[in-house]
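First up is the structure itself, then whatever we jot down about it.
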Amino acid sequence: MALLITDECINCDVCEPECPNQAISMGPEIYQINPAKCTECVGHFDEPQCVQVCPVSCIPVDPQRIESKDSLWAKYRRLQDAIVPGPIAAAAPAAGDGPH
Ligand code: SF4
Ligand code: SF4
């Protein structure tokens, strides 16, 4: 599931540097999460880091973007391949660890 920052955000800036996927950025008025980059911290941490640090608890799951753990892992791998292209990506093809 990608997460969502609601308009209760007070722009305290603490979540942005915590995101391992650089999914959080300042929007027109409040911080926002790029759902294409948010893996709910799958691949990096057990818990969503932004949720852990947000002082006003304004980062719920986006109900429009419910994703399975498998799909979050796939997103994590795509992001890693984009960051580290070449031999490492080539040496680690998708192992097909799901039934799909
Ligand atoms: Fe970034 Fe993790 Fe928060 Fe998603 S849940 S925005 S990946 S810190
Ligand atoms: Fe907004 Fe919460 Fe991020 Fe602070 S931690 S900028 S209140 S979403």
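Just so you know, ligand 1 is whichever comes first in the structure, and atom 1 is the first atom listed for that ligand. These numbers were taken from a predicted model, which means no experiment stands behind them.
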query: Which pair of non-hydrogen atoms, one from V14 and one from P55, has the smallest distance, and what is that distance?
result: CG2-CD, 4.2 Å
message: Return the closest protein heavy atom for atom 7 (S) of ligand 1 as residue, atom name and distance.
response: N21 ND2, 3.4 Å
query: Once you round to the nearest 0.5 Å, how far does SG of C54 lie from CD of E18?
result: 11.5 Å
statement: The atoms of ligand 1 lying under 4.0 Å from a heavy atom of I24, numbered in the order shown, are 6 (S)
- request: Go through L4 and V61 one step at a time and tell me if the side-chain contact (heavy atoms from CB on, under 4.5 Å) criterion holds.
  value: CA-CA 6 Å; L4 171 74; V61 169; over 6 Å; no
For the student: nearest non-hydrogen atoms of V56 and E8, plus distance: CG2-O, 3.7 Å
- prompt: Which atoms from ligand 1 have a heavy atom of T39 less than 4.0 Å away?
  reply: 7 (S)
message: Let me confirm one number: the CD-CD distance from E16 to Q32, rounded to the nearest 0.5 Å.
response: 10.5 Å
Set of residues satisfying side-chain contact (heavy atoms from CB on, under 4.5 Å) with respect to I33, sequence neighbours excluded: L3, I5, A23, I24, C38, I59
- request: Would you please name every residue forming a side-chain hydrogen bond (donor to acceptor under 3.5 Å, both in side chains) with D13, sequence neighbours left out?
  value: Y31
message: At less than 2.8 Å, how many protein N/O/S atoms surround atom 1 (Fe) of ligand 2? Leave waters out.
response: 1
message: Heavy-atom contact check, 4.0 Å cutoff: does C50 meet ligand 2?
response: no
query: Which residue and non-hydrogen atom of the protein lie closest to atom 2 (Fe) of ligand 1, and at what distance in Å?
result: C41 SG, 2.3 Å
field: Contact check, side chains of R78 and K75, non-hydrogen atoms, under 4.5 Å
entry: yes
Output side-chain donor-acceptor pairs under 3.5 Å for residues 44-51, partner residues at least two apart or in another chain, one line each.
{"from": "H44", "atom 1": "NE2", "to": "N21", "atom 2": "OD1", "distance (Å)": "3.0"}
{"from": "Q49", "atom 1": "NE2", "to": "E47", "atom 2": "O", "distance (Å)": "2.9"}

task: Within a distance under 4.0 Å of any heavy atom of P55, pick out the atoms of ligand 2 and give their elements.
output: 5 (S)
query: Numbering the atoms of ligand 1 from 1, which are under 4.0 Å from a heavy atom of C38?
result: 4 (Fe), 5 (S), 6 (S), 7 (S)
message: Does any part of the side chain of E29, heavy atoms only, come nearer than 4.5 Å to the side chain of N11, both counted from C-beta?
response: no
Top protein contact for atom 1 (Fe) of ligand 1, by heavy-atom distance: C19 SG, 2.3 Å
